[in-house]
Amino acid sequence: MKRHIGWIAGTAAAALVAAGAITYAVAEDGSGGGGLSVPSADGADAGFARDMAVHHQQAVEMSYLIRDRTQNTEVRRLAYDIAQTQANQRGMLLGWLDLWDLPKVSAKPPMSWMGMGDMPERGDGSLMPGMATDTELKKLGTLNGKQAEIFYLQLMTDHHKGGIHMAEGCVAKCTVAVEKSLAQGMVDAQQSELTTMKQMLKERGAKPRD
């Protein structure tokens, strides 16, 4: 338990440092030689920050779960990397919203900034494409060893595909340069992890769900 708490605390501390750094970067970006350029609350920049922060939080939670369900070094290392990266990025996204003095929640449906506000939800806690349901998360929490590894890799594969789609939307629609750059970095990193997870599933006699 102490090791688990320490890992969470370390991740949170890293996220705070990253959020501070990115806040400074955004303040410098697009200032036009004076004032801070603040995006609209309903625009792509704010919408992406809000939605991806929620999306990332679930990836972090899933990665905490799998580290308690397996002793496999390869899977635990992948989960650690995903949790660290996405917790840091989540801190950046929420830091932007604070900097812009914009709400962290919206009355509009998720993905509205991408023109997808009317898409049907899976329900059961799955708010956006790629997100696992509450039932799936509970199932992950009951599995151990190889079964847990396979289910985690399948869930995270779906999660990454949904995240990539959203990040590509920001690359196309966001106006803050440093945010667009972060979104492109998400696309590149998660596409690489998709390849890794596909191979890890193959080694376990399994494959992605779709």
K.L.:
Only one of L194, D158, L201 clears side-chain contact (heavy atoms from CB on, under 4.5 Å) with P208; which?
P.N.:
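Only one of L194, D158, L201 forms a side-chain contact (heavy atoms from CB on, under 4.5 Å) with P208, namely L201.
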
K.L.:
Atom CE of M92 and atom CG of L99: how far apart are they, to the nearest 0.5 Å?
P.N.:
14.0 Å

K.L.:
Are any non-hydrogen side-chain atoms of M52 and C170 less than 4.5 angstrom apart?
P.N.:
no

K.L.:
How close do Q154 and K207 get, heavy atom to heavy atom, and via which atoms?
P.N.:
NE2-O, 3.0 Å

K.L.:
Restricting to non-hydrogen atoms, name the atom on A83 and the atom on Y64 that form the minimum distance, rounded to 0.1 Å.
P.N.:
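Shortest heavy-atom separation between A83 and Y64 comes out as CB-CE2, 4.4 Å.
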
K.L.:
With heavy-atom distances below 4.5 Å as the criterion, would you say the side chains of L65 and F151 are in contact?
P.N.:
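No - every pair of side-chain heavy atoms lies 4.5 Å or more apart.
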
K.L.:
Mark yes when over 12 heavy atoms from residues, nucleotides or ligands other than K198 sit less than 6.0 Å from its NZ; otherwise mark no.
P.N.:
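Open: at most 12 neighbouring heavy atoms sit under 6.0 Å from NZ of K198.
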
K.L.:
Classify the angle between the aromatic ring planes of H159 and H55 as parallel (below 30°), tilted (30 to 60°) or perpendicular (above 60°).
P.N.:
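Because their plane-to-plane angle lies in the 30° to 60° range, the rings of H159 and H55 count as tilted.
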
K.L.:
So D101 and V38, side chain to side chain contact (heavy atoms under 4.5 Å, CB included) or not? Walk me through it.
P.N.:
CA-CA 9 Å; D101 195 25; V38 177; over 6 Å; no

K.L.:
Can any side-chain N or O of T142 pair as donor or acceptor with the backbone N or O of K139 at less than 3.5 Å?
P.N.:
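Confirmed, T142 side chain pairs with K139 backbone.
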
K.L.:
Could you give the distance from CE (M116) to CE (M111), rounded to the nearest 0.5 Å?
P.N.:
4.5 Å

K.L.:
Nearest 0.5 angstrom please: E149 CD to M197 CE, how far?
P.N.:
14.0 Å

K.L.:
Any ion pair linking D45 and K173 (charged N to carboxylate O, less than 4.0 Å)?
P.N.:
no

K.L.:
Looking at A79 and I66, what are the two nearest heavy atoms and their distance?
P.N.:
CB-CG2, 3.5 Å

K.L.:
Going through the checks in order, is the side chain to side chain contact (heavy atoms under 4.5 Å, CB included) test met by Q58 and S126?
P.N.:
CA-CA 10 Å; Q58 189 184 74; S126 178; over 6 Å; no

K.L.:
Excluding sequence neighbours, so at least two apart, what forms side chain to side chain contact (heavy atoms under 4.5 Å, CB included) with S106?
P.N.:
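Counting only residues at least two positions away or on another chain, S106 forms a side chain to side chain contact (heavy atoms under 4.5 Å, CB included) with R50, K108.
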
K.L.:
Determine yes or no for a side-chain-to-main-chain donor-acceptor pair under 3.5 angstrom, with S112 supplying the side chain and P109 the backbone.
P.N.:
yes

K.L.:
Taking all heavy atoms of A132 and all of L137, pick out the closest pair and write down the distance.
P.N.:
CB-CD2, 4.1 Å

K.L.:
Between R77, R76, Q84, which is the residue that forms a side chain to side chain donor-acceptor pair (under 3.5 Å) with Y80?
P.N.:
Q84

K.L.:
Looking at side-chain heavy atoms only, is the closest gap between D51 and W113 below 4.5 Å?
P.N.:
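The answer is yes; the side chains approach within 4.5 Å.
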
K.L.:
Could you give the distance from CG (L155) to CE (M131), rounded to the nearest 0.5 Å?
P.N.:
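It is 11.5 Å, given to the nearest 0.5 Å.
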
K.L.:
Can you tell me how far the CG atom of N88 sits from the CG atom of L93, to the nearest 0.5 Å?
P.N.:
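Atom-to-atom, N88:CG and L93:CG are 11.0 Å apart.
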
K.L.:
Can you find a heavy atom in the side chain of Q89 that is under 4.5 Å from one in the side chain of M186?
P.N.:
yes

K.L.:
I need the M166 CE to M114 CE distance, nearest 0.5 Å.
P.N.:
7.5 Å

K.L.:
Do T157 and D210 have side-chain heavy atoms sitting under 4.5 Å apart?
P.N.:
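No, side chains not in contact.
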
K.L.:
For the pair R209 and E136, find out whether any cationic side-chain nitrogen is under 4.0 Å from an anionic carboxylate oxygen.
P.N.:
yes

K.L.:
When you look at W96 and L182, which way does the side chain to side chain contact (heavy atoms under 4.5 Å, CB included) test go after all the steps?
P.N.:
CA-CA 12 Å; W96 286 333; L182 177 67; 3.5 Å; yes

K.L.:
For a side-chain contact (heavy atoms from CB on, under 4.5 Å) with T70, tell me which candidate from N72, D68, T73 qualifies.
P.N.:
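Exactly one candidate clears the test, N72.
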
K.L.:
Would you mind checking if E74 and R204 are paired as a salt bridge, meaning a charged N to carboxylate O distance below 4.0 Å?
P.N.:
yes

K.L.:
Are side-chain heavy atoms of Q199 and T196 found at a separation under 4.5 Å?
P.N.:
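Not touching, per the 4.5 Å side-chain cut-off.
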
K.L.:
Taking atom CD of Q147 as the centre, does the number of heavy atoms from other residues, nucleotides or ligands within less than 6.0 Å exceed 12?
P.N.:
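Not buried by this count: 12 neighbours or fewer within 6.0 Å.
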
K.L.:
Minimum heavy-atom separation for L94 and A53, please, with both atom names.
P.N.:
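The pair with the smallest heavy-atom distance is CD2-CB, 3.9 Å.
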
K.L.:
Can you confirm whether P39 sits close enough to V176 that some side-chain heavy atom of one is under 4.5 Å from a side-chain heavy atom of the other?
P.N.:
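A side-chain contact under 4.5 Å exists here.
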
K.L.:
Just so I know, are the side chains of R69 and L143 near enough to count as touching, which here means a heavy-atom distance under 4.5 Å?
P.N.:
no

K.L.:
Return the minimal non-hydrogen interatomic distance between G123 and T133, and the atom names on each side.
P.N.:
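Closest heavy-atom pair between G123 and T133: O-CG2, 3.9 Å.
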
K.L.:
Counting neighbours of NZ on K104 that are heavy atoms of other residues, nucleotides or ligands and sit closer than 6.0 Å, is the number greater than 12?
P.N.:
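Correct, the count exceeds 12.
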
K.L.:
With M200, which of T195, I150, L153 fulfils side-chain contact (heavy atoms from CB on, under 4.5 Å)?
P.N.:
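Filter result, single survivor: L153.
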
